[in-house]
Amino acid sequence: MRYRRLGNTDLIVSELAFGASPLGSVFGAVDEQDAIDAVRTALDAGINLFDVAPYYGATTAEARLGRALHGVARDSYLLATKVGRYGAADFDFSARRVRRSVTESLTRLGTDHLDLVQCHDIEFGSPDRIVEETLPALRGLQDEGLVRHVGITGYPLPLLGHVAQRTRVDTVLSYCQYTLHDRRLAAWTDHFAACGTGVVNAAPLAMGALTRRGAPGWHPGSAELLARCAAAADLCEAAGSDLATLALQFSVRAPGAATTVVGTGSAEEVRRNVGRLAEAIDEELLARVEACLAPVRDQGWTSGRTAGRPAQVRS
Ligand code: NAD
């Protein structure tokens, strides 16, 4: 496992990070023991960054991660969680809720500090409020020693770039935009570097779309996109390979990103993913899969509200 500094923070993170949303059973039921085994296997494999949120499984993922980490030396792992999103349509970016949210996360995660707290899916809030209220509230908690670093997450890169330029943001988490079918993050990493903002590349398997099992029912991708991903999975299988392998090996090469966060809900998945890091990518298969996905290259989806957002950040 390789490690890199996350932007200008003092966090040295493993190149592969543990995405804990599956612990909240968002991709299908995951039982408690499997969740614990996945986390312990990740630690043993050298993964030191765990990304979670109150939203995942309505606090279940945080509570399970906390139980899985119970008794593990606190300085051997880094915890990143989020504030602002609490349900599919339940957002609250107020300073008051930020404080309560962080306090609750600390309890669920069984710790006295969080290494990174990110405003979750900022496209569902107003950029002015994120800059003037939410991030300052997190800075206040940083002054109190409860939070070490402060970041933002979301889907529309122009908005993430806009907020990082307007105010100091330690990290940005972008998802599904450095994958086999989407490269848009690559155009933004210089911008984030210039802002002094570290980049976290999340969802290398396009939230399950780039796996044999395929995307969950709630996936926002178009039918055409998901059909192309399914065709790519067939193509890999016919070649005696596996689309998730290729997708992960490709995504961890994201230029300018310190780490790639893959969602994992079992020890077996963790072992498979870590094992793949050391293997060379099959360039010939990659070229064939890229050709298969070319018609949907960079075809994303819309996320968040547009009202109240400055014209220059509408994508
Ligand atoms: P992902 O692309 O990492 O895919 C996860 C899915 O792939 C899960 O169903 C998992 O079981 C499966 N999987 C993992 N390894 C596999 C393998 N080797 N073979 C087959 N299937 C495999 O999507 P994700 O979990 O949504 O994203 C990763 C993490 O990034 C999340 O858990 C979360 O921590 C973070 N994230 C944050 C945001 C945000 O802040 N808005 C959005 C997306 C993701």
Side-chain angles (χ1 to χ4, degrees), residues 16-30 34-35 38-39 41-42 47 49-57 61-62 64-65 79-85 88 91 116-125 151-157 159-160 171-182 185 200-221 229 233 236-237 241-252 254 257 259-277 279 300-301 303-304:
L16 197 63
F18 187 103
S21 66
L23 303 193
S25 296
V26 304
F27 290 97
V30 169
D34 285 345
V39 171
T41 303
I47 290 175
L49 176 63
F50 294 81
D51 181 76
V52 69
Y55 172 44
Y56 302 150
E62 273 196 345
R64 283 184 161 172
L65 182 59
L79 280 176
T81 191
K82 309 189 184 86
V83 294
R85 183 166 204 174
F91 296 88
L116 175 63
V117 179
Q118 307 152 99
C119 304
H120 197 171
D121 292 339
I122 61 168
E123 65 268 29
F124 291 92
I152 53 177
T153 83
Y155 188 70
L157 283 159
L159 175 66
L160 296 170
T171 68
V172 61
L173 180 151
S174 153
Y175 65 97
C176 294
Q177 282 167 100
Y178 197 82
T179 67
L180 292 173
H181 64 75
D182 197 321
L185 175 60
V200 175
N201 170 40
L205 309 183
M207 301 192 300
L210 294 169
T211 66
R212 177 69 282 181
R213 183 167 68 160
W218 49 260
H219 198 288
C229 292
C236 289
E237 200 165 88
S241 189
D242 156 54
L243 181 61
T245 298
L246 196 74
L248 186 74
Q249 290 175 333
F250 176 80
S251 194
V252 294
T259 185
T260 295
V261 194
V262 61
T264 24
S266 75
E268 172 51 26
E269 262 175 16
V270 174
R271 273 192 287 271
R272 238 187 296 157
N273 290 341
V274 172
R276 283 163 182 166
L277 285 182
E279 296 165 9
W301 49 84
S303 175

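Just follow the structure's listing: the first ligand is 1, and inside any ligand the first atom is 1.
Taking the six-membered ring where the residue is Trp, F18 and F50 present tilted rings, their angle falling between 30° and 60°. By the 30° and 60° cut-offs, the orientation of the rings of Y175 relative to Y155 is tilted.
Within the 4.0 Å heavy-atom cutoff, K82 counts among the residues contacting ligand 1.
For atom 11 (O) of ligand 1, the nearest non-hydrogen atom from the set E268, E269, H120 belongs to E269. Relative to atom 26 (O) of ligand 1, the option among Y175, F27, F124 with the closest non-hydrogen atom is F27.
Looking only at protein heavy atoms, the nearest one to atom 14 (C) of ligand 1 is G263 O, 3.1 Å. At the top of the distance list for atom 30 (O) of ligand 1, counting protein heavy atoms only, stands A202 CB, 3.4 Å. Nearest protein heavy-atom contact of atom 2 (O) of ligand 1 is L205 N, 2.8 Å. Atom 31 (C) of ligand 1 has S21 OG, 3.4 Å as its closest protein atom, hydrogens excluded (heavy atom only). For atom 40 (O) of ligand 1, the nearest non-hydrogen atom of the protein is T153 OG1, 3.0 Å. If you check which protein heavy atom lies closest to atom 36 (N) of ligand 1, you get Y56 OH, 3.7 Å. With hydrogens left out, the protein atom closest to atom 19 (N) of ligand 1 is R272 NH1, 3.3 Å, a heavy atom. The shortest contact between atom 35 (C) of ligand 1 and any protein heavy atom is with D51 OD2, 3.4 Å.
Within the 4.0 Å heavy-atom criterion, neither part of R212 lies near ligand 1. Residue contacts with ligand 1, taken as heavy atom pairs separated by less than 4.0 Å, do not involve Q118 at all. In P204, the parts holding a heavy atom less than 4.0 Å from any atom of ligand 1 are both the side chain and the backbone. Under 4.0 angstrom from ligand 1, the non-hydrogen atoms of A206 all belong to its backbone.
At least one N or O atom of N273, backbone or side chain, sits closer than 3.5 Å to an N or O atom of ligand 1. The shortest N or O to N or O distance between M207 and ligand 1 is under 3.5 Å. Remark: ligand 1 and D242 share no N or O pair separated by less than 3.5 Å (distance only, no angle test). Below 3.5 Å of separation, one finds no N or O of G265 facing any N or O of ligand 1. Note: no N/O pair closer than 3.5 Å links V52 and ligand 1 by distance alone.
With hydrogens and angles left out, the side-chain atoms of S303 and D121 include no donor and acceptor closer than 3.5 Å.
The ligand atoms of ligand 1 that sit less than 4.0 angstrom from a heavy atom of V262 are 3 (O), 28 (C).
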